[in-house]
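First the structure, in the form of structure tokens, and then the observations on it.
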There are 4 protein chains.
Amino acid sequence: MSGAKERPLRADAARNRARLLEVATEVFTTRGVGVPTEEIARAAGVGVGTLFRHFPTKETLLGAVMVRRLETIAAQTAQLAAELEPADAFCACFRLVIEQSAGKNEFVQALAAADVDAHAALRESSEVIQAQLAKLLDGAQRAGAVRPELGLPELIALLAGTGTAMEHLGADPAARQRIFDVVFDGLRPH
Amino acid sequence: MSGAKERPLRADAARNRARLLEVATEVFTTRGVGVPTEEIARAAGVGVGTLFRHFPTKETLLGAVMVRRLETIAAQTAQLAAELEPADAFCACFRLVIEQSAGKNEFVQALAAADVDAHAALRESSEVIQAQLAKLLDGAQRAGAVRPELGLPELIALLAGTGTAMEHLGADPAARQRIFDVVFDGLRPH
Amino acid sequence: MSGAKERPLRADAARNRARLLEVATEVFTTRGVGVPTEEIARAAGVGVGTLFRHFPTKETLLGAVMVRRLETIAAQTAQLAAELEPADAFCACFRLVIEQSAGKNEFVQALAAADVDAHAALRESSEVIQAQLAKLLDGAQRAGAVRPELGLPELIALLAGTGTAMEHLGADPAARQRIFDVVFDGLRPH
Amino acid sequence: MSGAKERPLRADAARNRARLLEVATEVFTTRGVGVPTEEIARAAGVGVGTLFRHFPTKETLLGAVMVRRLETIAAQTAQLAAELEPADAFCACFRLVIEQSAGKNEFVQALAAADVDAHAALRESSEVIQAQLAKLLDGAQRAGAVRPELGLPELIALLAGTGTAMEHLGADPAARQRIFDVVFDGLRPH
DNA sequence: GATGAATGAGAATTCATTCAT
DNA sequence: AATGAATGAATTCTCATTCAT
């Protein structure tokens with residue numbers, strides 16, 4: 001279904017690609033999507049040409065960064081979901097998503113402004129995570145740990161919102177915990 | 001406190017300035033800060049030159065838009081605070097801020113990316129609101145309606161976060177209400 | 001039908017636009033369409049921005065150059081057609097087109113490679129000329145000066161071809177005349 | 001005369017070189033010289049590196065394509081010249097050159113824009129053909145079939161021009177024949 | 001004061017050519 | 001020899017800001 005015929009990719013090319021993704025993630029996250037591609041290339045120690053060989057469009061790069069993030073989160077989520085009781089799993093994953101999503105989240109908007117094909121790759125990863133979240137939510141609700149009237153869209157909105165709140169708070173762990181307290185207590189049936 | 005000597009400003013100039021702010025608010029809110037200044041000028045029915053005479057920098061314009069929003073919110077907040085019991089006032093104002101802040105909120109980020117002087121004008125308005133929020137929070141906490149361990153920073157973070165959540169949800173009023181339920185229930189002492 | 005509402009255009013702006021066209025004609029003609037826009041701007045003594053304000057696309061500029069050429073030719077053709085007997089008019093106009101069309105004629109191809117809208121402006125001018133040529137051809141054929149089996153497409157092809165031949169010949173007037181002799185003698189009924 | 005010490009060239013290398021020339025001829029002819037080298041390499045089933053090993057410059061490749069064309073034409077011309085009467089040989093060869101030269105003829109211009117060394121290889125092939133054409137012209141003139149005042153430069157210019165005319169006409173054989181009629185009748189003594 | 005033309009520093013992207021594998 | 005990844009100069013176009021009218 002992911003119809004691309006992926007060549008093995010030479011060792012050094014793979015390294016460059018990985019490095020580029022690494023750097024782009026860092027840069028986009030800390031300084032926003034407005035950063036010039038050239039700067040990302042320089043930071044990765046390659047020429048612009050190389051960047052564009054791997055990601056034919058800035059948007060493609062953006063998408064690849066997102067996908068990588070999503071895949072990481074999906075993997076960790078899967079593990080937590082397997083190891084913990086429904087209610088705990090739900091909380092742990094909620095926290096996980098928040099911690100992993102930190103940074104300027106204009107990403108999504110930047111991508112939303114773009115054409116559909118760019119989304120194609122994202123859609124898949126996105127659906128995987130959403131499915132996981134839906135299952136976690138359902139489990140927590142059956143266990144009576146989360147208000148039954150909430151749907152997946154609200155959960156996603158709350159994740160996004162909590163992420164924003166955390167950004168505004170900076171690193172103070174006590175304050176962050178207080179936010180989690182509010183959200184988790186608010187999520188419980190009332 | 002605002003050290004500038006403001007001349008009276010001719011009638012038509014004032015009208016232009018007002019119209020520009022109006023339009024800029026609308027445009028920035030619905031289409032983001034990336035919109036070219038020229039387009040804003042055109043939408044306001046003036047030349048770019050006029051825009052830049054009133055707001056010597058795009059960032060200045062952005063700041064002015066923010067200030068206007070903040071002042072509106074501050075005024076409405078003051079009124080609500082005067083009319084309602086502490087607990088109700090807190091909730092009403094929380095909702096108010098959320099509803100008024102709707103739209104592409106890259107604003108803040110765009111401003112954050114800029115130099116300190118641009119903030120100067122904002123700081124004042126910002127402080128006014130923060131003082132109001134602090135008072136509301138304190139009142140609600142004294143009334144036992146809000147967890148006592150929350151500080152102003154957390155409140156602000158939650159406001160920002162709830163705003164983001166609402167954006168992700170679109171216009172569905174029932175879903176929006178469910179988010180408010182979670183947040184307000186979570187804010188209560190547990 | 002030419003639906004554009006043309007503003008009067010300020011004096012200096014008009015001068016720049018004219019100069020730009022002048023220079024672009026010269027440059028494209030002598031050095032081909034590959035010349036960077038920036039260089040054209042420089043040669044016209046303006047910044048790139050100005051060039052792109054007047055011609056939002058390199059292709060637009062190309063088109064405008066063509067249109068100008070075509071219009072010049074059309075005007076001169078009209079005059080010659082009015083003043084001379086059919087047979088002479090035909091020859092005179094044939095020569096005229098050749099002399100005016102000199103230069104690297106990749107123009108047309110460059111434009112042909114582009115989208116339809118760019119052609120729109122050209123089409124009109126092009127049709128005007130083609131109508132004139134059709135009339136001239138018809139007149140000359142009625143006068144028995146040109147083979148009756150030739151159609152407009154062949155005439156156009158011959159114009160293009162003779163133009164190419166002239167380019168290959170450079171400025172030697174005697175040689176150019178010999179080419180004309182061949183073509184005109186060949187055009188006569190046999 | 002061609003001062004390079006040519007090594008025998010391994011069998012597969014020779015095959016690659018041939019294939020490259022084949023493909024480049026096709027591609028340049030149908031799509032113009034703007035096509036990226038990489039694409040030509042891909043179409044030939046080799047890597048760019050290989051292309052550049054055989055032809056150290058895009059221009060070199062262009063030149064080689066031209067040479068190949070010229071050599072083909074020269075060979076066929078020689079055969080026709082040997083088989084036919086002077087007048088017929090002249091006409092047949094004229095047609096031959098036209099038919100073989102079809103396609104986007106920016107070639108020559110592209111080469112003309114380049115430095116002299118690239119021409120060096122061409123010069124030789126070019127001189128061969130020109131000698132043949134001179135002889136054919138002379139023969140036809142002696143036979144009284146072609147105007148005596150025409151020189152080789154005019155013949156070449158007419159060949160180029162007729163080629164252009166044909167390109168403008170597309171494939172319609174009747175129209176093409178009408179062009180030939182004009183040219184051949186024009187070439188006859190008047 | 002208002003206007004909108006002019007400016008030019010970027011920004012994304014392409015492509016001939018080089019070079020490590 | 002062949003490969004294709006890497007390179008970076010060059011190119012088109014945008015947009016905040018300035019300035020002549």
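Here is how names work: the chains are called A, B, and so on, in the same order as the sequence lines, proteins then strands, and each is numbered from 1. In what follows, every heavy atom counts, from backbone to side chain, and hydrogens, waters and symmetry copies are set aside.
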Atom pair distance, as rounded to whole Å: [atom1] in [X] and [atom2] in [N]:
{"X": "Leu62(B)", "N": "dT17(F)", "atom1": "CG", "atom2": "C1'", "result": "16 Å"}
{"X": "Arg42(D)", "N": "dC15(E)", "atom1": "CZ", "atom2": "C1'", "result": "12 Å"}
{"X": "Lys58(A)", "N": "dT14(E)", "atom1": "NZ", "atom2": "C1'", "result": "17 Å"}
{"X": "Asp12(B)", "N": "dT3(E)", "atom1": "CG", "atom2": "C1'", "result": "13 Å"}
{"X": "Glu38(D)", "N": "dT3(F)", "atom1": "CD", "atom2": "P", "result": "12 Å"}
{"X": "Leu61(B)", "N": "dC15(F)", "atom1": "CG", "atom2": "C1'", "result": "15 Å"}
{"X": "His54(D)", "N": "dT17(E)", "atom1": "NE2", "atom2": "P", "result": "16 Å"}
{"X": "Glu59(C)", "N": "dT11(F)", "atom1": "CD", "atom2": "P", "result": "18 Å"}

Sidechain-backbone polar pair: [X] side chain, [Y] backbone, donor-acceptor under 3.5 Å:
{"X": "Lys58(B)", "Y": "Phe52(B)", "result": "no"}
{"X": "Ser126(C)", "Y": "Leu122(C)", "result": "no"}
{"X": "Thr50(A)", "Y": "Val46(A)", "result": "no"}

Please map the stems of DNA chain F, keeping only stretches of three or more Watson-Crick or G-U wobble pairs with both distances under 3.5 angstrom.
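Stems found: E:2-21 with F:2-21.
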Assuming nearest nucleotide by heavy-atom distance, tell me which of Gly45(B) and Pro36(D) is located more 5' along DNA chain E.
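Here Gly45(B) is the residue nearer the 5' end.
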Of Gly49(A) and Gly47(B), whose nearest nucleotide on DNA chain E comes first from the 5' end?
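Per heavy-atom nearest nucleotide, the more 5' residue is Gly47(B).
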Hey, which sits more toward the 5' end of DNA chain F by its nearest nucleotide, Thr57(B) or Arg15(C)?
Thr57(B)
Please pick, from [options], the nucleotide with the shortest atom-to-atom distance to any side-chain atom of [X].
{"X": "Asn16(C)", "options": "dT17(F), dA6(E), dT3(F)", "value": "dA6(E)"}
{"X": "Ala13(A)", "options": "dA6(F), dT17(E), dG1(E)", "value": "dA6(F)"}
{"X": "Val48(A)", "options": "dT17(F), dT7(E), dA9(F)", "value": "dA9(F)"}
{"X": "Arg53(C)", "options": "dA2(F), dG4(E), dT11(F)", "value": "dG4(E)"}

Kindly indicate, with the supporting measurements, whether the criterion side chain to side chain contact (heavy atoms under 4.5 Å, CB included) is fulfilled by Phe28(B) and Ile40(B).
CA-CA 9 Å; Phe28(B) 285 148; Ile40(B) 295 175; 3.6 Å; yes
Got a second to check how far Met66(B)'s CE is from Leu61(B)'s CG, nearest 0.5 Å?
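Here the rounded value is 12.5 Å.
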Give a yes or no on whether a salt bridge exists between Glu26(C) and Arg31(C), defined as a side-chain N under 4.0 angstrom from a carboxylate O.
no
Would you call Arg17(A)-Glu22(A) a salt bridge at under 4.0 Å N-O?
no
Any Thr37(C) side-chain N or O less than 4.0 Å from OP1/OP2 of dT12(F):
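Checking dT12(F) against Thr37(C), a side-chain N or O does come within under 4.0 Å of OP1 or OP2.
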